[in-house]
Amino acid sequence: MIDLYTIDGAVNIDKNKCFDTEKTYPKFQEDLEEFKNLLIQLVENKDCKTFYKFGDGDYYFLKKIPTGSARPGNRALSKSYDQINHKDYVDGVGKCDYYTCEIYPENRIKFVEVISNKIDFPAEYGYALIANKWFFDTFKGNIGLIGAKTKMEMIENLMESSQYQEYLHLDKFEDYIGLPQKFACDDLNETERIVGEQLKNSTSKIFLMGMGHVKSGLIHRLKKYTDAVFLDVGSGIDAIAGVIDIERPYFGDWTNYQIDGDELYNKVDTLGYYGKGKHIILERFNEV
């Protein structure tokens, strides 16, 4: 990786060749500062905006291509595409305020094919600003999470540990908004109800989100319930939960904290996590 793509406090061991040339994204550093300043401004002004992160799995889901996470029965939905209102997702994905996508050329080609809006920022920023703790340092006291209920429970348990608090530079998250880990796309309206009821009682000014393919129909609807900033960071939620694959962009030096003997780890969808990298296992209930 050339210096252009270096982000202080985060290590990228992703081997994609796009990081080897400045031609891929010459404004990487300039746009990183713009991204950070925009988020600060939006949060300070209580300007409710939504950020949608696009990945190749979203392409398959929006195109109804049954592969990986988009295959019925695997993760996003238990029903066939013909049994859900797929149009709600196709229409909804175009109603967000900002869009992020990895700088991989192949992903950007897919984005253009299924989403007419422009890409505003690299998705790598969301990963790196978790990895280097910038989000936590900058929005301490105002930051919440939205993701699979099981992962929210894992993070809540981890945050009982002062050691993990010190690692994240954060005493607590203000809100943990949970949704079904699997098959959330089966009934978009029901998933919205589950999330919306929790958001009505939330206090966070910015939410980091990783909610799977249901986001395509759901993210733009979240503005009904609170005036926070909603930032989709995808697998960044897995890092906070202690189950990130360190070969994902900018998590090369991340330490996966986990709780010894917690049965939640047997239930969680780990998105390709195979135990690589640094780990710290915390004794269960050793700190409350």
Side-chain angles (χ1 to χ4, degrees), residues 31-32 34-55 57-59 61-62 76 85 87-102 107-108 110-112 114-127 129-130 134-135 138-139 142-148 152 173-179 184-185 188-237 240:
D31 285 357
L32 173 60
E34 180 182 340
F35 179 72
K36 291 158 70 174
N37 291 334
L38 173 63
L39 288 176
I40 291 170
Q41 178 183 345
L42 292 175
V43 171
E44 287 180 348
N45 295 339
K46 294 185 178 180
D47 192 356
C48 181
K49 297 293 183 183
T50 54
F51 290 74
Y52 178 99
K53 187 197 78 67
F54 177 84
D58 301 307
Y59 171 84
F61 178 78
L62 292 168
N85 192 345
K87 189 174 184 295
D88 283 348
Y89 296 98
V90 175
D91 293 344
V93 74
K95 296 179 181 179
C96 295
D97 297 301
Y98 297 95
Y99 295 84
T100 73
C101 178
E102 284 113 346
N107 281 18
R108 297 198 154 222
K110 289 183 173 70
F111 179 98
V112 171
V114 295
I115 302 178
S116 59
N117 306 65
K118 72 180 181 71
I119 300 170
D120 296 286
F121 298 102
E124 287 86 353
Y125 295 165
Y127 308 147
L129 297 180
I130 288 175
W134 182 87
F135 285 130
T138 304
F139 300 114
N142 295 304
I143 190 166
L145 303 175
I146 304 177
M152 295 299 99
F173 291 100
E174 306 306 310
D175 300 286
Y176 299 89
I177 309 298
L179 64 149
C185 295
L188 176 58
N189 291 334
E190 174 61 13
T191 300
E192 180 189 353
R193 186 196 66 77
I194 292 169
V195 173
E197 287 298 316
Q198 297 171 76
L199 284 175
K200 288 176 183 177
N201 300 314
S202 67
T203 61
S204 300
K205 295 180 180 179
I206 182 170
F207 284 95
L208 304 182
M209 308 182 297
M211 58 175 68
H213 297 314
V214 74
K215 67 184 180 183
S216 293
L218 183 60
I219 288 180
H220 75 97
R221 301 184 182 192
L222 301 181
K223 298 168 76 171
K224 302 178 193 175
Y225 302 101
T226 182
D227 59 0
V229 174
F230 296 95
L231 177 63
D232 182 10
V233 295
S235 60
I237 295 296
I240 302 170

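D120 approaches Y98 most closely through the heavy-atom pair OD2-CA, 3.2 Å. Scanning all heavy atoms of the two residues, the minimum distance from F207 to L145 falls at CD2-N, 3.7 Å. For the residue pair G210 and I237, the shortest heavy atom distance occurs at N-CG1, 3.4 Å. Scanning all heavy atoms of the two residues, the minimum distance from L222 to M209 falls at CD1-SD, 3.7 Å. Of all heavy-atom pairs between H213 and A76, the closest is CD2-CB, 3.7 Å. In terms of heavy atoms, A228 sits closest to C48 at O-SG, 3.1 Å.
Interatomic distance, F230 CZ to C96 SG, rounded to the nearest 0.5 Å: 11.0 Å. Note that the CG atom of L32 and the CG atom of L129 stand 6.0 Å from one another [nearest 0.5 Å]. Taking OG of S216 as the reference point, atom CG of L188 lies at 10.0 Å (rounded to 0.5 Å). With values rounded to the nearest 0.5 angstrom, D88 atom CG is found 11.5 Å from L218 atom CG. Within the model, atoms CE of M211 and SG of C185 stand 10.5 Å from one another, a figure rounded to the nearest 0.5 Å. Rounding to the nearest 0.5 Å places CD of E102 at 9.0 Å from CZ of F54.
Side-chain contact between E34 and D31: present, with at least one pair of heavy atoms (C-beta onward) separated by less than 4.5 Å. Contact of the Y127 side chain with the K53 side chain is registered, since non-hydrogen atoms from C-beta on lie closer than 4.5 Å. A 4.5 Å side-chain heavy-atom check between Y52 and D58 finds at least one atom pair inside the cut-off. Residues K49 and L39 fail the side-chain proximity criterion, which asks for heavy atoms closer than 4.5 Å. Residues Q198 and D175 are not in side-chain contact: their nearest non-hydrogen atoms beyond the backbone lie 4.5 Å or more apart. Contact annotation: the side chain of L199 approaches that of I146 to within less than 4.5 Å [non-hydrogen atoms, C-beta and beyond]. Residues I40 and F139 have side chains in contact (heavy-atom distance under 4.5 Å, counting atoms from C-beta outward). Here the side chains of T100 and D232 are not in contact, with every heavy-atom distance at 4.5 Å or above.
Partners of Y125 by ring pair (Phe, Tyr, Trp, His ring centres under 6.0 Å), not counting sequence neighbours, listed by chain and number: F28, F35. Checked against ring pair (Phe, Tyr, Trp, His ring centres under 6.0 Å), F135 has no partners two or more places apart in sequence or in another chain. Applying the side-chain contact (heavy atoms from CB on, under 4.5 Å) test to K205 and every residue at least two apart in sequence or in another chain returns V43, K46, N142.
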Inset, instruction - Could you give me the CA-CA distance, side-chain angles and deciding distance for T50 and K223, then say whether side chain to side chain contact (heavy atoms under 4.5 Å, CB included) is met? - result: CA-CA 8 Å; T50 54; K223 298 168 76 171; 3.7 Å; yes
Inset, instruction - I would like to know whether E174 and I206 meet side chain to side chain contact (heavy atoms under 4.5 Å, CB included); could you show each step before the answer? - result: CA-CA 10 Å; E174 306 306 310; I206 182 170; over 6 Å; no
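Using modelled atom types, one side-chain atom of T191 and one backbone atom of A184 make a donor-acceptor pair closer than 3.5 Å. Side-chain atoms of Y99 come within 3.5 Å of backbone atoms of G94 as a donor-acceptor pair (strictly under, hydrogens ignored).
The side chain to side chain contact (heavy atoms under 4.5 Å, CB included) with F51 is formed by just one residue from the set V233, D97, L38; it is L38.
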